[in-house]
Amino acid sequence: MENTNTSDLFAVRSAKLQAMRQAGFDPFSQNWEQKQTSLEAKALFDDTAEEEPGVSVAGRILVFRDMGKACFIKILDRAGEIQAYVKRDEIGESAYEAFKQYDIGDIIGFEGPLFKTKTGEITVRVKTMCLLSKALRPLPEKWHGLVDNEAIYRQRYLDLICNAESRKRMFLRSQIIREIRQFLWNRDFIEVETPMLQSVAGGAAARPFTTHMNALDCDFYLRISLELYLKRLLVAGVDRVFELGRNFRNEGLSRRHNPEFTMIELYQAYSDFRGMMRLIRDLIQHLCKTVIGATQIKNYEGVTIDLGGEWREVRYKDLIIEATQDPQWFSRTKAEKLQKCAELGIEVNPDIEDFEVTKNVYEKCVEPNLIQPTFVTHIQKELCPLAKINKADNSVIDVFELCINGQEIAPAYSEQNDPFIQRTMFEAQAGEDQQAVDQDFLKALEHGMPPAGGLGMGIDRLVILLTGASNIRDTILFPSLRPE
RNA sequence: GGGUCGGUAGCUCAACGGUAGAGCAGUGGCCUUUUAAGCCAUUGGUUCAGGGUUCGAAUCCCUGCCGGCCUACCA
């Protein structure tokens with residue numbers, strides 16, 4: 001080898017690979033029968049058995065503890081880690097020479113009987129082994145792992161190899177999604193897939209991403225919500241329907257926002273927001289039971305959140321009055337409200353609408369303090385044009401927003417099914433941009449949509465809650481980053 | 001978009017105006033039950049990039065790039 005620089009790890013490892021290939025062994029053309037995961041293998045060990053059971057496992061080498069003529073290694077597979085003891089006298093001299101060319105990060109398979117070491121660790125006494133993939137780049141340091149945030153997000157594969165916490169969070173997210181589906185299937189919901197490419201991006205008021213379809217030579221939006229297509233299915237007679245998938249919003253990034261994020265929306269005909277209240281509580285408590293194994297969860301600040309039992313229910317107006325200490329808040333003029341905001345230390349753009357001033361109070365003084373699960377009900381109608389207006393008070397709508405851990409986790413409505421009111425709300429919301437009104441959706445409503453309860457929930461934020469993560473990026477494997 | 005903090009070896013971090021260093025990883029040697037294994041020796045750097053100040057810059061200043069946090073925008 002020309003390159004004698006022993007600190008160029010890529011070159012050193014490439015040279016080892018070349019030497020193997022010249023000796024007639026190519027690690028990249030091998031495979032291995034993985035008969036057990038590390039976890040299954042260790043479970044087979046029986047102290048009282050006369051014969052040590054044999055296992056055959058495979059994974060990535062994490063640790064090398066070389067003692068000359070014998071060596072302990074530790075590998076990582078999908079279930080966890082297992083230690084192996086490689087002894088020259090056990091595998092033979094030439095195999096041991098080959099083994100000495102292995103590096104941390106290589107993927108190997110090996111088989112042999114189990115035993116327990118002096119210090120009590122269940123270990124495979126290797127009889128035969130094979131290199132299945134040569135790692136040409138080194139892993140991060142074994143003790144601290146990968147710490148640099150940027151590297152964690154950009155090279156998630158390294159993070160998942162090094163950091164058990166990240167692996168655990170990934171598995172929890174997967175289980176949460178699986179259990180949500182299971183819960184809804186058990187209640188007779190069907191799962192559907194609706195368009196991500198839409199000519200009108202409706203159902204929410206976010207800025208969409210745009211893209212172009214060559215075949216039709218026209219621009220499309222990436223969906224910002226699942227709502228309008230799922231309601232078309234209510235019209236179609238699909239009484240219990242949900243979709244779990246990605247939405248895209250072309251807005252800022254933050255600890256709580258990723259431009260692409262996963263939502264579940266579900267609609268149940270002949271239900272209403274009260275029915276959704278029971279359903280979401282049952283669902284989240286189901287997740288506590290099946291995935292977390294507890295109803296008490298610590299958030300990243302160490303505050304315990306209790307998801308068990310009944311949840312608090314409180315009207316939006318009462319929360320505002322409590323926060324402003326002003327029972328007359330809703331009969332004040334906008335100027336008086338702005339004055340009060342200044343006293344409370346809330347910065348508000350004076351050009352916004354009256355109801356938006358109140359919304360600012362809610363978002364800055366109320367929502368962050370709703371740590372324990374709380375249903376906020378009877379919200380101002382301007383905030384949700386797709387919900388039914390309350391019969392007793394036509395300034396509010398029949399909805400709740402479920403807040404936990406200071407964040408909105410899931411809003412739910414008694415869905416608006418009056419096509420006239422819906423058209424009026426849409427047109428008012430669209431303002432001058434009447435293109436933004438989804439005329440086909442309104443046409444569908446005119447065919448008749450059953451009364452229904454609907455609910456949306458951000459999966460990423462739910463995972464933040466249930467795993468105690470501090471950042472949405474910890475719950476998304478490959479979060480949005482500026483390209484390198 | 002604004003504020004603020006950061007970017008030093010493959011990784012984790014020192015050095016804070018005066019010769020760029022440690023641990024891990026790597027390389028060579030010793031060691032046949034280790035647990036961040038141990039012992040001896042050793043390789044490795046455009047200090048994110050570019051400009052400036054200075055006898056001298058990783059260090060101070062400016063610009064840019066990338067990122068963290070806060071904030072703004074955000075049904």
Side-chain angles (χ1 to χ4, degrees), chain A residues 1 3-13 15-16 61-74 81 83-91 96 100 103-105 115-123 125 135-155 158-159 161-163 202-208 224-225 227 249-257 259 347-349 352-353 355-356 359-360 362-364 379-387 397 399 401 408 411 413 425-426 428-430 456 470-471 473 479 481-484:
Chain A
M1 281 292 117
N3 197 330
T4 53
N5 182 346
T6 57
S7 70
D8 183 343
L9 304 180
F10 191 92
V12 168
R13 287 166 178 237
K16 288 181 182 174
I61 301 176
L62 293 185
V63 173
F64 238 99
R65 283 190 276 268
D66 182 10
M67 287 171 297
K69 294 173 190 66
C71 182
F72 284 94
I73 61 174
K74 197 166 264 187
E81 297 173 5
Q83 183 171 260
Y85 182 55
V86 186
K87 193 159 73 160
R88 193 189 64 180
D89 294 351
E90 198 83 54
I91 67 169
Y96 199 76
K100 280 180 136 178
D103 286 300
I104 290 172
F115 75 105
K116 209 172 222 177
T117 63
K118 276 188 201 167
T119 49
E121 180 157 352
I122 298 166
T123 302
R125 188 189 309 276
L136 297 176
R137 296 181 187 274
L139 288 180
E141 194 229 20
K142 63 185 172 189
W143 186 237
H144 300 92
L146 195 62
V147 170
D148 179 63
N149 269 307
E150 190 174 352
I152 284 174
Y153 300 142
R154 289 195 196 276
Q155 294 181 276
L158 294 180
D159 174 48
I161 292 167
C162 298
N163 297 325
R207 257 188 305 168
I224 56 174
S225 156
E227 180 147 359
R249 296 188 181 177
N250 204 346
E251 285 163 10
L253 291 77
S254 80
R255 208 159 60 83
R256 298 177 199 80
H257 301 83
E347 276 186 46
V348 180
N349 178 347
I352 61 179
E353 299 283 332
F355 74 89
E356 290 177 303
K359 188 182 147 226
N360 264 273
Y362 177 75
E363 285 179 352
K364 290 179 182 156
I379 292 169
Q380 307 175 95
K381 69 176 173 193
E382 294 85 351
L383 295 177
C384 325
L386 290 153
I397 42 180
V399 305
E401 281 186 4
E408 184 188 330
Y413 309 160
M425 299 296 274
F426 269 11
Q429 178 198 13
S470 64
N471 194 312
R473 290 182 162 181
L481 294 177
R482 191 179 293 279
E484 276 184 297

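All values below were derived from every heavy atom in this structure, side-chain atoms included, with hydrogens, water molecules and symmetry-related copies excluded.
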Has A:K118 got a side-chain N or O lying under 4.0 Å from the OP1 or OP2 atom of B:rU33?
-> no
Under 4.0 Å: is that the gap between some side-chain N or O of A:N149 and OP1 or OP2 of B:rC66?
-> no
Check every strand shown and say whether A:F115 touches a base, only sugar-phosphate, or nothing at a heavy-atom separation below 4.0 Å.
-> base
Which part of the nucleic acid, if any, lies within reach of A:E121 when heavy atoms closer than 4.0 Å are counted: base, sugar-phosphate only, or nothing?
-> base
Select base, sugar-phosphate, or nothing to describe what A:N471 touches, counting heavy atoms under 4.0 Å on all strands.
-> sugar-phosphate
Would you kindly compare A:R482 and A:Y85 by the position of their nearest RNA chain B nucleotide and give the one closer to the 5′ end?
-> A:Y85
Quick one: look up who B:rG23 pairs with, Watson-Crick or G-U, both distances under 3.5 Å, and put none if it's unpaired.
-> B:rC11
With C1' as the reference atom in both, quote the distance from B:rA25 to B:rG44 in angstrom, rounded to an integer.
-> 11 Å
Separation of B:rU32 C1' from A:D89 CG (nearest whole Å) = 7 Å
Taking only the side-chain heavy atoms of A:T123 (C-beta and beyond), determine which of B:rC70, B:rU12, B:rU34 contains the nearest atom.
-> B:rU34
If pairing requires Watson-Crick or G-U wobble contacts with both distances under 3.5 Å, which nucleotide is the partner of B:rG1?
-> B:rU71
Quantified in whole Å, what is the P atom distance between nucleotide B:rC48 and nucleotide B:rA57?
-> 15 Å
In whole angstrom, give me the gap between the C1' atoms of B:rU27 and B:rU32.
-> 23 Å
Interatomic distance, A:I161 CD1 vs B:rA25 C1' [rounded to whole Å] | 15 Å
Does the side chain of A:R249 get closer than 4.0 angstrom to OP1 or OP2 of B:rC74 through an N or O atom?
-> no
G-U wobble or Watson-Crick pairing nucleotide for B:rG44 (cut-off 3.5 Å, both distances) = none
Atom pair distance, as rounded to whole Å: CD in A:E150 and P in B:rC65 = 14 Å
Got a donor-acceptor contact below 3.5 angstrom from the A:D159 side chain to the A:Q155 backbone?
-> no
Does the base of B:rU34 carry an N or O that pairs as donor and acceptor with the side chain of A:T117 under 3.5 Å?
-> yes
When all nucleic acid strands are considered with a 4.0 Å heavy-atom cut-off, which category describes A:A204: base, sugar-phosphate, or nothing?
-> base
Please figure out whether A:L139 or A:K87 has its closest RNA chain B nucleotide nearer the 5' end.
-> A:L139
From the options B:rC11, B:rU32, B:rC74, select the nucleotide whose nearest atom is closest to the side chain of A:L146.
-> B:rC11
Cation over ring, A:R125 on A:F115, under 6.0 Å and within 45°?
-> yes
With P as the reference atom in both, quote the distance from B:rC16 to B:rG28 in angstrom, rounded to an integer.
-> 36 Å
Distance between P atoms of B:rU42 and B:rC60 (Å, rounded) = 34 Å
Atom CG of A:L62 and atom C1' of B:rU35: how far apart are they, to the nearest Å?
-> 13 Å
Min side-chain heavy-atom separation A:Y413-A:I397 under 4.5 Å = no
Indicate whether OP1 or OP2 belonging to B:rU32 is found under 4.0 Å from a side-chain N or O atom of A:R88.
-> no
Indicate yes or no for a side-chain donor-acceptor contact from A:Y96 to the backbone of A:A70 under 3.5 Å, with no hydrogens or angles considered.
-> yes
Taking a pair as Watson-Crick or G-U wobble with both distances under 3.5 Å, which nucleotide is matched to B:rG38?
-> B:rC30
In whole angstrom, give me the gap between the C1' atoms of B:rC62 and B:rU71.
-> 25 Å
Taking any strand in view, what nucleotide pairs with B:rG6 in a Watson-Crick or G-U wobble way, both distances under 3.5 Å?
-> B:rC66
Hey, does the side chain of A:T119 reach the backbone of A:T117 with a donor-acceptor pair shorter than 3.5 angstrom?
-> no
Heavy atoms of A:P385 and A:E382 approach each other most closely as CD-O, 4.4 Å
Between A:R154 and B:rG67, is there a side-chain N or O to OP1/OP2 distance below 4.0 Å?
-> yes
Contact under 4.0 Å: A:K142 side-chain N or O vs B:rA25 OP1/OP2 = yes
Please name all residues satisfying ring-ring contact (aromatic ring centres under 6.0 Å, His included) with A:F64, sequence neighbours left out, ordered by chain then number.
-> A:F99
Within less than 4.0 Å of OP1 or OP2 of B:rU35, is there a side-chain N or O belonging to A:K74?
-> no
For A:H144 and B:rA25, what is the distance between atoms NE2 and P respectively, to the nearest whole Å?
-> 13 Å
How far, in whole Å, is B:rU43 from B:rG6 if one measures between their C1' atoms?
-> 30 Å
Which value, in whole Å, describes the distance between the P atoms of nucleotides B:rU59 and B:rG52?
-> 14 Å
Whole-Å distance between B:rU43 P and A:F10 CZ?
-> 24 Å
Touch class at under 4.0 angstrom, heavy-atom based, for A:P411 against every strand present = nothing
Is there a donor and acceptor pair, one atom on the side chain of A:Q83 and one on the base of B:rU34, closer than 3.5 Å?
-> yes
Any donor-acceptor pair under 3.5 Å linking the side chain of A:N163 with the backbone of A:L146?
-> yes
Is there any protein nitrogen or oxygen under 3.5 Å from a nitrogen or oxygen in nucleotides 27-29 of chain B, and what are the pairs?
{"residue": "B:rU27", "atom": "OP1", "partner": "A:K16", "partner atom": "NZ", "Å": "2.5"}

Write down the distance between CD1 (A:I152) and P (B:rC11), rounded to a whole number of angstrom.
-> 13 Å
Do the side chain of A:R249 and the main chain of A:I224 share a donor and acceptor less than 3.5 angstrom apart?
-> yes
From NE2 of A:H257 across to P of B:rU71 the rounded distance in Å is 12 Å
Work out which heavy atom in A:I104 is nearest to a heavy atom in A:L62; give both atom names and the distance.
-> CG2-O, 3.7 Å
By salt bridge (Lys or Arg N to Asp or Glu O under 4.0 Å), A:K87 pairs with (sequence neighbours left out) none
